[in-house]
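If you scroll down you'll find the structure; I have some questions about it.
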Amino acid sequence: SATQPVTASVDAALALIGTVLPGCVWTVMTDYELPGRARLYEAGQFAPVVMVQADGATPALALCAALLAAMIEQETA
């Protein structure tokens, strides 16, 4: 089987989130002090409730960290 290349793409991270947590709403922030912060919100919430928040060295890594945190939260709930 062919392996997929490793990527730092935000699009790839969002595609993975869309596959694992369909309908999940997300935000990504970055500034000079914070390279990446991602928040994932419960799908279908009228007033979004933050499900998880994670920081990373890049926006894409923050999204992946938030996805892993959400998956862990779902397993332990």
Side-chain angles (χ1 to χ4, degrees):
S1 70
T3 59
Q4 296 296 318
V6 174
T7 179
S9 167
V10 170
D11 291 334
L14 292 174
L16 180 60
I17 290 170
T19 299
V20 176
L21 299 173
C24 180
V25 179
W26 55 270
T27 61
V28 177
M29 298 162 268
T30 186
D31 64 31
Y32 65 95
E33 291 182 357
L34 181 68
R37 172 169 286 161
R39 290 183 181 148
L40 301 183
Y41 301 89
E42 297 278 346
Q45 293 288 328
F46 179 73
V49 176
V50 175
M51 183 169 42
V52 292
Q53 175 176 301
D55 296 337
T58 67
L61 289 175
L63 285 164
C64 290
L67 173 60
L68 290 173
M71 293 171 66
I72 290 168
E73 187 172 296
Q74 286 181 344
E75 284 291 318
T76 59

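In this chain, numbering begins with 1 at the start of the sequence shown.
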Residues that Q53 engages under side chain to side chain donor-acceptor pair (under 3.5 Å), provided they are two or more places apart: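 Expected list: R39.
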Pairwise distance CE(M51) to SG(C24) - rounded to 0.5 angstrom: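 Separation between the atoms: 4.0 Å.
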ILVMFWY network linking L40 to V20, side-chain heavy atoms under 4.5 angstrom: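 Yes, one cluster joins them.
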Return a table of donor-acceptor pairs under 3.5 angstrom between the side chains of residues 55-74 and protein atoms on other chains or two or more places apart.
from : atom 1 : to  : atom 2 : distance (Å)
D55  : OD1    : R37 : NE     : 2.7
D55  : OD1    : R37 : NH2    : 3.4
D55  : OD2    : R37 : NH2    : 3.1
T58  : OG1    : L61 : N      : 3.1

ILVMFWY cluster, Y41 and V10 together (side-chain gap under 4.5 Å):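 No, it is not one cluster - the side chains of Y41 and V10 are not joined through contacts under 4.5 Å.
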CD1-CH2 distance between I17 and W26, expressed to the nearest 0.5 angstrom: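 Between I17 CD1 and W26 CH2, I get 8.5 Å after rounding to 0.5 Å.
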